[in-house]
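Model, not experiment: these values are computed from the prediction. In what follows, residues are counted from 1 in the order of the sequence shown.
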Amino acid sequence: PGQYLELDVPHRRPDARGTRREFSIVSAPGDLPLVRIAYKDGDQKHPSSYKRALAASEPGDVLAVTGTWGDFILPRSEAPVLMVAAGIGVTPFVSQLRQRQHDGTARDVVLVYVAAEAAELAFRDELASTGVRVIVFTPDEPVDLPAHWTWAGGVRLDAEHLERVVQDLPARQAFISGPPRLIASLA
(Lines give C-alpha, C1' and ligand atoms only; values in the text may rest on other atoms or scores of the structure.)
Protein backbone atom coordinates (compact mmCIF):
# COMPACT_ATOMS: atom_id res chain seq x y z
CA PRO A 1 0.00 0.00 0.00
CA GLY A 2 1.24 3.45 -0.95
CA GLN A 3 2.62 2.58 -4.36
CA TYR A 4 1.61 3.92 -7.75
CA LEU A 5 1.16 2.56 -11.23
CA GLU A 6 1.44 3.74 -14.80
CA LEU A 7 -1.72 3.20 -16.82
CA ASP A 8 -1.82 3.10 -20.61
CA VAL A 9 -5.12 4.22 -22.12
CA PRO A 10 -4.82 3.97 -25.90
CA HIS A 11 -6.95 6.54 -27.72
CA ARG A 12 -7.17 8.39 -30.99
CA ARG A 13 -5.32 11.67 -31.30
CA PRO A 14 -3.46 11.71 -27.97
CA ASP A 15 -2.13 15.07 -26.86
CA ALA A 16 1.59 15.77 -26.43
CA ARG A 17 1.71 13.88 -23.11
CA GLY A 18 0.73 10.63 -24.83
CA THR A 19 -1.33 7.68 -23.64
CA ARG A 20 0.23 6.95 -20.23
CA ARG A 21 -0.19 8.56 -16.82
CA GLU A 22 0.79 7.66 -13.26
CA PHE A 23 -1.78 7.17 -10.49
CA SER A 24 -1.61 6.29 -6.82
CA ILE A 25 -3.20 2.96 -6.09
CA VAL A 26 -6.26 3.44 -3.88
CA SER A 27 -7.02 -0.21 -3.24
CA ALA A 28 -5.06 -2.22 -0.72
CA PRO A 29 -3.10 -5.40 -1.48
CA GLY A 30 -5.81 -7.20 0.49
CA ASP A 31 -8.34 -6.10 -2.15
CA LEU A 32 -6.62 -8.05 -4.94
CA PRO A 33 -7.46 -8.98 -7.63
CA LEU A 34 -9.27 -5.62 -7.65
CA VAL A 35 -6.96 -2.66 -8.29
CA ARG A 36 -8.43 0.83 -7.99
CA ILE A 37 -7.04 4.23 -8.91
CA ALA A 38 -8.57 7.68 -8.55
CA TYR A 39 -8.28 10.88 -10.49
CA LYS A 40 -9.97 14.24 -10.41
CA ASP A 41 -12.44 14.63 -13.24
CA GLY A 42 -15.47 16.66 -14.11
CA ASP A 43 -14.36 20.09 -12.96
CA GLN A 44 -12.03 20.81 -15.83
CA LYS A 45 -13.21 22.94 -18.74
CA HIS A 46 -10.69 21.37 -21.09
CA PRO A 47 -9.71 17.86 -19.94
CA SER A 48 -6.76 16.22 -21.64
CA SER A 49 -7.31 13.65 -24.36
CA TYR A 50 -6.14 11.07 -21.82
CA LYS A 51 -8.71 12.00 -19.18
CA ARG A 52 -11.47 12.04 -21.78
CA ALA A 53 -10.45 8.54 -22.93
CA LEU A 54 -10.18 7.25 -19.36
CA ALA A 55 -13.60 8.67 -18.47
CA ALA A 56 -15.07 7.00 -21.56
CA SER A 57 -13.71 3.56 -20.65
CA GLU A 58 -16.31 0.94 -19.77
CA PRO A 59 -16.31 -1.99 -17.37
CA GLY A 60 -14.58 -4.85 -19.12
CA ASP A 61 -12.27 -2.64 -21.18
CA VAL A 62 -8.70 -3.90 -21.04
CA LEU A 63 -6.12 -1.28 -20.07
CA ALA A 64 -2.44 -2.04 -19.57
CA VAL A 65 -0.58 -1.30 -16.37
CA THR A 66 2.93 -0.70 -17.64
CA GLY A 67 4.60 -0.68 -14.23
CA THR A 68 4.22 -0.23 -10.49
CA TRP A 69 6.65 1.71 -8.33
CA GLY A 70 7.04 3.63 -5.14
CA ASP A 71 8.46 3.55 -1.67
CA PHE A 72 5.83 5.73 -0.01
CA ILE A 73 5.11 3.01 2.52
CA LEU A 74 4.57 3.07 6.25
CA PRO A 75 7.41 1.82 8.42
CA ARG A 76 6.93 -1.52 10.17
CA SER A 77 7.47 0.07 13.58
CA GLU A 78 4.46 0.84 15.73
CA ALA A 79 5.39 4.52 16.15
CA PRO A 80 2.46 6.93 15.95
CA VAL A 81 1.89 8.29 12.44
CA LEU A 82 0.73 11.60 11.03
CA MET A 83 -0.65 11.55 7.50
CA VAL A 84 -1.15 14.92 5.80
CA ALA A 85 -3.11 14.78 2.54
CA ALA A 86 -4.20 17.53 0.22
CA GLY A 87 -6.88 16.86 -2.38
CA ILE A 88 -6.40 13.69 -4.38
CA GLY A 89 -3.14 13.20 -2.44
CA VAL A 90 -5.27 11.24 0.01
CA THR A 91 -5.21 8.17 -2.27
CA PRO A 92 -2.04 6.44 -0.97
CA PHE A 93 -3.31 6.90 2.59
CA VAL A 94 -6.64 5.28 1.71
CA SER A 95 -4.67 2.27 0.45
CA GLN A 96 -2.50 2.13 3.57
CA LEU A 97 -5.43 2.48 5.97
CA ARG A 98 -7.48 -0.14 4.07
CA GLN A 99 -4.56 -2.58 4.31
CA ARG A 100 -4.31 -1.88 8.03
CA GLN A 101 -7.97 -2.94 8.27
CA HIS A 102 -7.32 -6.10 6.22
CA ASP A 103 -4.41 -7.01 8.50
CA GLY A 104 -6.36 -6.22 11.65
CA THR A 105 -3.44 -4.17 12.97
CA ALA A 106 -3.87 -1.28 15.35
CA ARG A 107 -1.77 1.84 15.05
CA ASP A 108 -2.09 5.39 16.34
CA VAL A 109 -2.81 7.37 13.17
CA VAL A 110 -3.95 10.94 12.68
CA LEU A 111 -4.94 12.04 9.18
CA VAL A 112 -4.94 15.76 8.38
CA TYR A 113 -7.04 16.18 5.25
CA VAL A 114 -6.90 19.44 3.26
CA ALA A 115 -9.39 20.26 0.49
CA ALA A 116 -10.38 23.36 -1.44
CA GLU A 117 -13.95 22.87 -0.19
CA ALA A 118 -15.82 20.36 1.93
CA ALA A 119 -17.53 18.84 -1.13
CA GLU A 120 -14.10 17.70 -2.36
CA LEU A 121 -13.38 15.39 0.58
CA ALA A 122 -13.00 12.15 -1.37
CA PHE A 123 -13.27 8.67 0.17
CA ARG A 124 -15.17 9.90 3.24
CA ASP A 125 -16.94 6.60 3.86
CA GLU A 126 -13.81 4.50 3.40
CA LEU A 127 -11.78 6.73 5.68
CA ALA A 128 -14.54 6.84 8.28
CA SER A 129 -14.69 3.04 8.35
CA THR A 130 -10.99 2.88 9.34
CA GLY A 131 -11.70 4.64 12.63
CA VAL A 132 -8.64 6.90 12.41
CA ARG A 133 -8.81 10.42 13.76
CA VAL A 134 -9.27 12.86 10.86
CA ILE A 135 -8.77 16.62 11.08
CA VAL A 136 -10.29 18.48 8.14
CA PHE A 137 -8.91 21.74 6.77
CA THR A 138 -11.46 23.31 4.42
CA PRO A 139 -12.63 26.92 4.16
CA ASP A 140 -16.28 25.84 4.53
CA GLU A 141 -17.54 23.66 7.35
CA PRO A 142 -18.32 20.09 6.29
CA VAL A 143 -21.69 18.69 7.35
CA ASP A 144 -22.28 15.35 9.03
CA LEU A 145 -18.69 14.57 9.93
CA PRO A 146 -18.12 11.15 11.53
CA ALA A 147 -17.67 11.16 15.31
CA HIS A 148 -13.86 10.85 15.12
CA TRP A 149 -13.49 13.68 12.59
CA THR A 150 -13.04 17.36 13.45
CA TRP A 151 -13.04 20.51 11.37
CA ALA A 152 -10.09 22.86 11.93
CA GLY A 153 -12.38 25.89 11.78
CA GLY A 154 -11.73 27.20 8.30
CA VAL A 155 -8.10 28.15 8.89
CA ARG A 156 -5.39 27.53 6.32
CA LEU A 157 -3.04 24.64 7.06
CA ASP A 158 0.40 25.83 8.04
CA ALA A 159 2.98 24.68 10.59
CA GLU A 160 1.43 26.72 13.42
CA HIS A 161 -2.06 25.32 12.89
CA LEU A 162 -0.71 21.81 12.43
CA GLU A 163 1.03 22.02 15.81
CA ARG A 164 -2.20 23.34 17.34
CA VAL A 165 -4.41 20.46 16.10
CA VAL A 166 -1.86 17.65 16.51
CA GLN A 167 -0.45 18.40 19.92
CA ASP A 168 1.87 15.37 20.01
CA LEU A 169 3.33 16.20 16.60
CA PRO A 170 7.00 15.66 17.58
CA ALA A 171 6.23 12.06 18.61
CA ARG A 172 4.77 11.14 15.20
CA GLN A 173 6.36 9.97 11.98
CA ALA A 174 4.96 12.32 9.34
CA PHE A 175 3.99 11.53 5.75
CA ILE A 176 2.76 14.21 3.34
CA SER A 177 0.99 13.62 0.03
CA GLY A 178 -0.24 16.43 -2.16
CA PRO A 179 0.87 19.36 -4.26
CA PRO A 180 4.59 20.25 -4.11
CA ARG A 181 3.76 23.67 -2.62
CA LEU A 182 2.06 22.14 0.42
CA ILE A 183 4.85 19.62 0.90
CA ALA A 184 7.49 22.37 0.75
CA SER A 185 5.64 24.65 3.17
CA LEU A 186 5.16 21.91 5.78
CA ALA A 187 8.59 20.34 5.43
Side-chain angles (χ1 to χ4, degrees), residues 1-4 21-26 28 36-45 47-48 51 69-101 105-187:
Q3 292 189 312
Y4 64 96
R21 301 287 191 284
E22 295 173 347
F23 298 94
S24 293
I25 300 171
V26 179
R36 294 184 322 156
I37 60 164
Y39 67 98
K40 194 170 181 179
D41 187 39
D43 66 335
Q44 297 176 329
K45 291 181 181 178
S48 67
K51 281 198 175 176
W69 302 274
D71 57 5
F72 192 64
I73 56 176
L74 296 180
R76 294 198 183 275
S77 75
E78 290 301 314
V81 171
L82 169 67
M83 298 174 167
V84 180
I88 203 68
V90 75
T91 54
F93 297 137
V94 173
S95 174
Q96 292 166 340
L97 293 170
R98 285 188 54 75
Q99 187 60 40
R100 184 177 144 255
Q101 279 184 296
T105 57
R107 186 173 208 162
D108 181 0
V109 176
V110 173
L111 170 63
V112 172
Y113 193 176
V114 181
E117 59 184 53
E120 292 188 7
L121 294 169
F123 303 103
R124 270 180 67 145
D125 293 340
E126 284 186 66
L127 291 169
S129 74
T130 68
V132 301
R133 180 176 162 219
V134 178
I135 303 165
V136 175
F137 280 81
T138 55
D140 56 325
E141 184 173 6
V143 295
D144 301 325
L145 288 179
H148 50 284
W149 288 40
T150 56
W151 180 53
V155 297
R156 179 177 158 79
L157 178 62
D158 59 18
E160 178 185 335
H161 288 108
L162 185 59
E163 288 178 322
R164 183 176 53 84
V165 298
V166 183
Q167 295 174 351
D168 63 347
L169 185 61
R172 295 184 176 276
Q173 290 184 303
F175 297 85
I176 305 171
S177 177
R181 191 169 138 201
L182 172 75
I183 294 169
S185 71
L186 292 179

- Message: Checking Asp140 now: which residues fulfil salt bridge (Lys or Arg N to Asp or Glu O under 4.0 Å) with it, not counting sequence neighbours?
- Response: none
- Message: Less than 4.0 angstrom from a charged side-chain N to a carboxylate O is my criterion; do Arg172 and Asp108 meet it?
- Response: yes
- Note on the structure: Sequence neighbours excluded, the answer for salt bridge (Lys or Arg N to Asp or Glu O under 4.0 Å) partners of Asp158 is none
- With a 4.5 Å limit on heavy-atom distance, are the side chains of Lys51 and Tyr39 in contact? yes
- Does the Gln96 side chain pair with the main chain of Phe72, one donor and one acceptor, at a distance under 3.5 Å? yes
- Item | All side chain to side chain contact (heavy atoms under 4.5 Å, CB included) counterparts of Leu169, not counting sequence neighbours | Leu82, Leu162, Glu163, Val166
- Side chains of Ser95 and Gln3: does their closest heavy-atom pair fall under 4.5 Å? no
- Message: Quick check for you: to the nearest 0.5 Å, what is the distance between Ser129 atom OG and Arg124 atom CZ?
- Response: 13.0 Å
- Leu111 side chain near Val84 side chain, heavy-atom distance below 4.5 Å: no
- Is there side-chain contact between His161 and Val155, with heavy atoms separated by less than 4.5 Å? yes
- Item | side chain to side chain contact (heavy atoms under 4.5 Å, CB included) partners for Pro75, two or more places apart | Ser77, Arg107, Gln173, Phe175
- Where do Gly89 and Ser177 come nearest, in terms of heavy atoms and distance? O-OG, 2.7 Å
- Would you say Ile183 and Pro179 make side-chain contact, with heavy atoms under 4.5 Å? no
- Note on the structure: Nearest heavy-atom approach of Pro92 to Gly2 is CB-CA, 4.0 Å
- Message: Are Ile73 and Pro1 packed together at the side-chain level, in the sense that at least one heavy-atom pair is separated by less than 4.5 angstrom?
- Response: no
- Item | Side chains of Val110 and Ile135 in contact at under 4.5 Å (non-hydrogen atoms) | yes
- Task: Identify the two heavy atoms, one from Arg164 and one from Ala152, that lie closest to each other, and give their separation to 0.1 Å.
- Result: NH2-O, 3.8 Å
- Heavy-atom pair of closest approach, residues Leu145 and Thr150: CD1-C, 4.1 Å
- Item | Backbone of Val134 reached by a side-chain donor or acceptor of His148 within 3.5 Å | no
- Message: Between Val136 and Pro142, is there a side-chain heavy-atom distance shorter than 4.5 Å?
- Response: yes
- Query: What are the two closest non-hydrogen atoms of Ala128 and Pro146, and how far apart are they?
  - Reply: CB-CG, 3.7 Å
- What pairs with Arg36 under salt bridge (Lys or Arg N to Asp or Glu O under 4.0 Å), at least two apart in sequence or on another chain? Glu126
- Task: To the nearest 0.5 Å, tell me how far Leu121 CG sits from Trp149 CH2.
- Result: 6.0 Å
- Task: Return yes when atom CZ of Arg156 has more than 12 non-hydrogen atoms of other residues, nucleotides or ligands closer than 6.0 Å, and no otherwise.
- Result: no
- Item | Ring centroid separation Tyr113 to Phe123 under 6.0 Å | no
- Looking only at heavy atoms, the pair that brings Val165 and Arg133 closest together is O-NH2, 2.8 Å
- Message: Determine whether Val109 and Met83 satisfy the following criterion, side chain to side chain contact (heavy atoms under 4.5 Å, CB included), listing intermediate values before the conclusion.
- Response: CA-CA 7 Å; Val109 176; Met83 298 174 167; 3.9 Å; yes
- List for me each residue that meets ring pair (Phe, Tyr, Trp, His ring centres under 6.0 Å) alongside Tyr4, sequence neighbours excluded, and say none if there are none. Trp69
